[in-house]
Amino acid sequence: MFNKNEFKAQIVKKGLTVKKLAEYLGINEATVYRKINADGDFTRDEINKLIDILQIEEPMKIFFAEKLA
């Protein structure tokens, strides 16, 4: 399960915007918002780029977080 709160925190921590992330990924800003809000999934390639761009140290906690009951 995608942890959107932690993902958003990483964006803020790096001083970026969703618009800038979309540019780095080469996709539309609206598409990034949809993927963040669980209306889609990031591709493997996008996840790898996001890990590099945001310098995420523990990607499993964001992109494959355990679902809380």
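Heavy-atom basis, side chains included; hydrogens, waters and symmetry copies ignored.
- Side-chain contact between I51 and I62 is absent, with no heavy-atom pair separated by less than 4.5 Å.
- Atoms OG1 and CG, on T43 and N48 in that order, are 8.5 Å from each other to the nearest 0.5 Å.
- At least one side-chain heavy atom of I47 sits less than 4.5 Å from a side-chain heavy atom of F64.
- Atoms CD and CD, from Q10 and E58 in turn, are 9.5 Å apart once rounded to the nearest 0.5 Å.
- Counting heavy atoms from C-beta on, the side chains of K61 and N3 never come closer than 4.5 Å.
- Taking the side chain as every heavy atom from C-beta outward, F63 and I56 approach each other to under 4.5 Å.
- Between T31 and F42 there is no side-chain heavy-atom pair separated by less than 4.5 Å.
- Checked against side chain to side chain contact (heavy atoms under 4.5 Å, CB included), D41 has no partners two or more places apart in sequence or in another chain.
- Here CG of D52 is found 12.5 Å from OH of Y24. Values are rounded to the nearest 0.5 Å.
- Taking the side chain to side chain contact (heavy atoms under 4.5 Å, CB included) definition, one finds that K19 meets it with T17, E23, E29, sequence neighbours left out.
- Within the 4.5 Å cutoff, the side chain of I27 has heavy atoms near those of the E46 side chain.
- Hydrophobic cluster membership is shared by M60 and L50, with clusters built from Ile, Leu, Val, Met, Phe, Trp and Tyr side chains linked at under 4.5 angstrom.
- The line from CD of E6 to NZ of K8 is 12.5 Å long, rounded to the nearest 0.5 Å.
- Distance check: K20 NZ to K14 NZ gives 15.5 Å after rounding to the nearest 0.5 Å.
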